[in-house]
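To keep things clear, I will list the structure first and then write my remarks on it.
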2 protein chains.
Amino acid sequence: MTPAYDVFDDRCPTRMVLDRLADKWALLVLDRLKGGPVRFNHLRRDIRGLSQKVLSQTLKRLERDGLVKRTVHPTVPVSVDYALTPLGQTLTETVAAFAHWAELNMDAVLAAQAAYDTASVG
Amino acid sequence: MTPAYDVFDDRCPTRMVLDRLADKWALLVLDRLKGGPVRFNHLRRDIRGLSQKVLSQTLKRLERDGLVKRTVHPTVPVSVDYALTPLGQTLTETVAAFAHWAELNMDAVLAAQAAYDTASVG
DNA sequence: TGACCAGGTTTCCCTCGGGAAACCAACGAA
DNA sequence: TTCGTTGGTTTCCCGAGGGAAACCTGGTCA
């Protein structure tokens with residue numbers, strides 16, 4: 001069968017999905033959620049540099065896309081947690097692979113940058 | 001051994017790498033290069049919606065990070081092709097997984113969006 | 001009544017991304 | 001000499017992204 005969608009076509013809806021996923025904050029949130037539900041302020045504290053507003057927007061988009069489930073617990077004060085949906089879980093390995101790649105190959109990238117910059121200057 | 005880098009720390013250089021990789025255009029370029037070297041204008045034509053300026057910038061960054069190798073062939077007129085470096089090739093599976101995920105799960109995402117929007121309206 | 005918690009939303013404001021289109025360099029062909 | 005090729009760079013300009021910080025909404029406690 002021929003593929004129904006083509007990510008190289010700018011009129012293809014997969015571009016929209018790629019746009020959403022190709023987002024630093026969304027990736028970090030998804031990666032942080034892979035161990036189980038996490039509460040709003042906990043996410044905010046764990047992902048350094050992520051502002052309240054952007055976290056809120058990111059979570060809303062991920063929820064709309066069916067990747068994350070928002071659950072309100074009627075405690076006092078109210079607590080809200082976010083968890084991966086089954087669909088979202090199908091992404092965990094890929095997302096984790098990304099984060100891990102960055103951590104594992106950081107040295108190589110830094111070395112390449114240094115070499116590139118030296119070559120340009122000299 | 002403890003991990004030297006932590007992607008959740010905003011002062012960690014991996015954040016820089018994640019920023020670069022969490023870019024729609026960079027992902028599409030890397031995915032397009034996985035089959036072998038491709039020339040500038042060929043990339044531009046294949047990746048619909050990618051402007052000359054942005055492609056140029058994207059390639060330069062990827063080259064600086066050591067993921068892509070730029071080769072100039074002294075033909076007439078000059079031709080330039082771009083290929084994945086060995087480091088870049090370690091990313092191909094992950095990048096392809098992303099693109100494929102988008103293509104495979106597009107329907108589920110669209111359905112989730114429709115459901116979300118209906119719930120919000122009603 | 002006022003203070004404090006979680007979990008947001010809104011406002012202000014400024015930077016950066018990126019599209020369009022012109023320009024440029026080198027070279028060969030007509 | 002003008003045109004066409006490839007592979008860019010530069011300029012202009014606008015709109016989205018996102019940081020900071022104030023505000024809001026329950027609800028409970030003191």
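Just so it is clear: chains get the letters A, B, ... in the order the sequence lines come, proteins before strands, and each one is counted from 1.
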Query raised in the report: With respect to B/Asp81, which candidate in B/Arg70, B/Arg39, B/His73 satisfies the side chain to side chain donor-acceptor pair (under 3.5 Å) definition?
Result: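 In the set B/Arg70, B/Arg39, B/His73, the residue that makes a side chain to side chain donor-acceptor pair (under 3.5 Å) with B/Asp81 is B/His73.
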Query raised in the report: Between atom CZ of B/Phe8 and atom CZ of A/Arg32, what is the distance when rounded to the nearest 0.5 Å?
Result: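 Spacing of CZ (B/Phe8) from CZ (A/Arg32) equals 6.5 Å.
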Query raised in the report: Okay, side chain of A/Ser56, backbone of A/Gln52: is any donor-acceptor separation there less than 3.5 Å?
Result: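 Answer holds: no.
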For the residue pair [X] and [Y], what are the closest heavy atoms and their distance?
{"X": "A/Ala102", "Y": "B/Thr14", "answer": "O-CG2, 3.5 Å"}
{"X": "A/Ala96", "Y": "A/Asp31", "answer": "CA-OD1, 3.7 Å"}
{"X": "B/Trp25", "Y": "B/Gly49", "answer": "CH2-O, 3.6 Å"}
{"X": "B/Leu87", "Y": "B/Asp65", "answer": "CD2-O, 4.0 Å"}
{"X": "B/Val17", "Y": "A/Met106", "answer": "CG2-SD, 3.5 Å"}

Query raised in the report: When the C1' atoms of the five terminal pairs at each end define the local axes, what inter-axis angle does the helix from C/dT1-D/dA30 to C/dA30-D/dT1 show, to 10 degrees?
Result: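 Axis-to-axis angle, ends of the helix: 30°.
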Query - Nucleic acid contacts of residues 67-79 of chain A, taken as heavy-atom distances under 4.0 Å to DNA chain C - result: A/Arg70, A/Pro77, A/Val78, A/Ser79
Query raised in the report: B/Arg64: what forms a side-chain hydrogen bond (donor to acceptor under 3.5 Å, both in side chains) with it, not counting sequence neighbours?
Result: A/Asp117
Requested in this report: Not counting sequence neighbours, list each pair that qualifies as a side chain to side chain donor-acceptor pair (under 3.5 Å) and has a residue in residues 88-102 of chain B.
Outcome: A/Thr90-B/Trp101, A/Trp101-B/Thr90, B/Trp101-B/Asn105
Query - Salt-bridge criterion met for B/Arg48 and A/Asp9 (N-O under 4.0 Å) - result: no
Query raised in the report: Which part of the nucleic acid, if any, lies within reach of B/Lys24 when heavy atoms closer than 4.0 Å are counted: base, sugar-phosphate only, or nothing?
Result: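 Nothing, no nucleic acid heavy atom in range.
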Report task. Determine, using the 4.5 Å side-chain heavy-atom cutoff (strictly less than), whether B/Val76 and B/Val72 are members of one ILVMFWY cluster. Result -> no
Requested in this report: Using the heavy-atom set of chain A and a strict 4.0 Å cut-off, write down the first and last nucleotide of DNA chain D that makes it in, 5' to 3'.
Outcome: D/dG18 to D/dT28
**Report entry** Stretch residues 33-59 of chain A: residues that reach within less than 4.0 Å of DNA chain D through a heavy atom
**Finding:** A/Ser51, A/Lys53, A/Val54
